[in-house]
There are 2 protein chains.
Amino acid sequence: MLSRTARYGLKAAVHIAEQGDPSPARVEDLAQALDVPRNYLSKILHRMAQAGLLNSTRGRGGGFWLPRDPGTVTLIEVIQCLEPTHAFDVQCLLGRPDCSDADPCTAHGRWCAVRDEISRFFTETTLAELARPESGG
Amino acid sequence: MLSRTARYGLKAAVHIAEQGDPSPARVEDLAQALDVPRNYLSKILHRMAQAGLLNSTRGRGGGFWLPRDPGTVTLIEVIQCLEPTHAFDVQCLLGRPDCSDADPCTAHGRWCAVRDEISRFFTETTLAELARPESGG
DNA sequence: TGCTTTGCTCATGATCTTATGATCTTTGCT
DNA sequence: AGCAAAGATCATAAGATCATGAGCAAAGCA
């Protein structure tokens with residue numbers, strides 16, 4: 001459903017959100033906690049930082065943090081900055097360019113309904129909702 | 001959403017179903033009609049034949065045909081034989097092994113609902129429903 | 001100023017999917 | 001038997017994604 005890259009990016013963002021720690025999270029620590037290759041994660045985080053989803057500083061005491069409330073960051077934002085194309089903007093299942101609302105195959109309407117539901121999930125769900133519920137909360 | 005391989009396989013099956021021709025369809029003709037590499041398609045069709053979704057004969061007059069009524073062949077059958085893993089059996093979006101019905105993240109229930117709807121679409125939709133409506137029907 | 005910590009970047013390789021071309025095997029026809 | 005038509009198979013490679021390792025660049029601290 002999601003590329004590994006997008007999943008790593010989401011996991012990292014969720015992890016940072018779960019910590020609730022205002023001080024920056026180091027790539028090294030995130031990589032270990034999530035069991036993700038360090039430099040690979042570094043590139044992913046950097047892309048997210050360029051998209052404004054994360055902030056970063058270099059040098060001693062540096063790292064990444066969330067500049068926004070996790071409850072306002074939708075999954076689609078993360079995915080869009082990490083995946084060139086998403087599964088859920090597929091028009092026709094068979095890739096038929098001429099399959100449209102105006103000239104559909106029989107399954108077109110039904111497929112669009114499913115696709116829209118997927119799309120809605122990713123645009124409405126936020127990082128906060130992917131975090132574990134507070135234990136003992 | 002679907003790998004190119006699965007899409008090609010589906011397109012071919014739908015094309016054969018649309019023809020309604022009882023004589024075998026040649027790989028060469030299918031490849032041209034669908035604009036798909038010939039040998040690549042050949043391998044895909046062969047896999048589908050091994051799974052029992054298609055029948056084939058070699059030699060003069062040979063080719064592929066549907067042994068079953070297109071209305072009884074579900075998309076999941078085609079996809080399962082062409083894709084090792086499907087998008088819609090992903091348990092947790094983040095790939096967390098410990099995220100389950102018993103110990104979910106906050107979005108778990110909502111995601112499962114979406115996933116199940118995708119799954120339902122592929123298990124309930126048949127080849128016949130992907131065919132174009134008969135023109136002038 | 002210079003050392004250490006940290007993110008950033010580049011070069012490279014592994015692996016999977018997608019694809020191509022050549023050849024082998026089976027079948028039907030004459 | 002021999003030829004042609006058709007699927008089956010094999011070797012190979014392009015391209016994307018996934019990943020590693022080495023080193024560069026910036027920031028803080030003494």
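Just so it is clear, the values below take in all heavy atoms, side chains as well, and ignore hydrogens, waters and symmetry mates.
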**Q** Respond yes when some side-chain nitrogen or oxygen of B:R4 is under 4.0 Å from OP1 or OP2 of C:dA19, and no when none is.
**A** yes
**Q** So which one's nearest nucleotide on DNA chain C is more toward 5', A:R60 or A:Q50?
**A** A:R60
**Q** Relative to the 5' end of DNA chain D, which residue comes earlier, B:G61 or A:T57, by the nucleotide with the nearest heavy atom?
**A** B:G61
**Q** Please evaluate the base of D:dT20 for a donor-acceptor partner in the side chain of A:K43 within a cut-off of under 3.5 Å?
**A** yes
**Q** Output yes when B:E77 and B:R68 qualify as a salt bridge under the 4.0 Å nitrogen-oxygen rule, no when they do not.
**A** yes
**Q** Kindly say if A:T5 contacts the phosphate of D:dT17, meaning a side-chain N or O under 4.0 Å from OP1 or OP2.
**A** no
**Q** For a quick check of understanding: with a heavy-atom distance under 4.0 Å over all strands, which category does A:G59 fall into, base, sugar-phosphate or nothing?
**A** base
**Q** Do other residues, nucleotides or ligands put more than 12 heavy atoms under 6.0 Å from the CG atom of A:D35?
**A** no
**Q** Provide, to the nearest angstrom, the distance between the CZ atom belonging to B:R58 and the P atom belonging to C:dT27.
**A** 7 Å
**Q** For C:dT30, which nucleotide in any strand shown is its Watson-Crick or wobble partner with both distances under 3.5 Å?
**A** D:dA1
**Q** Return the value, rounded to whole Å, for the distance between atom CE of A:M48 and atom P of C:dC8.
**A** 13 Å
**Q** Could you state the atom-to-atom distance from CG of A:N55 to P of C:dC8 in whole Å?
**A** 11 Å
**Q** Can you tell if the side chain of A:H46 reaches within under 4.5 Å of the side chain of A:Q50, non-hydrogen atoms only?
**A** yes
**Q** With the side chain of B:H46 defined as its heavy atoms from C-beta on, choose the nearest nucleotide among D:dA8, C:dT20, D:dA22.
**A** D:dA8
**Q** Checking side-chain polar atoms at under 3.5 Å, does B:S3 have a donor or acceptor matched by the opposite partner on B:E83?
**A** yes
**Q** Among D:dT20, C:dT18, D:dA8, which nucleotide sits nearest the side chain of B:S56?
**A** D:dA8
**Q** Output the rounded distance in Å from CG (A:N39) to P (D:dC24).
**A** 15 Å
**Q** Given D:dG7, C:dC8, C:dT6, identify the nucleotide with an atom nearest to the side chain of A:R26.
**A** C:dT6
**Q** Looking across every strand, which nucleic acid part, if any, lies under 4.0 Å from B:A25 by heavy atom: base, sugar-phosphate, or nothing?
**A** sugar-phosphate
**Q** Check the orientation of A:W111 and B:F121. Use parallel for under 30°, tilted for 30 to 60°, and perpendicular for over 60°.
**A** tilted
**Q** From C-beta outward on B:P37, which listed nucleotide comes closest to its side chain: D:dC18, D:dT9, C:dT20?
**A** C:dT20
**Q** Please figure out whether B:L2 or A:L45 has its closest DNA chain C nucleotide nearer the 5' end.
**A** A:L45
**Q** Can you measure B:R38 atom CZ to D:dA8 atom C1' for me and round it to whole angstrom units?
**A** 10 Å
**Q** Please state how far atom OH in A:Y40 lies from atom C1' in D:dA16, giving the value in whole angstrom units.
**A** 11 Å
**Q** Whole angstroms only, please: what is the CD1-C1' distance between B:I44 and C:dT17?
**A** 11 Å
**Q** In whole angstroms, how far is the C1' atom of D:dG21 from the CD atom of A:E28?
**A** 13 Å
**Q** Assigning hydrophobic clusters by single linkage (Ile, Leu, Val, Met, Phe, Trp, Tyr; side-chain heavy-atom cutoff under 4.5 Å), is B:L53 placed with B:W65?
**A** no
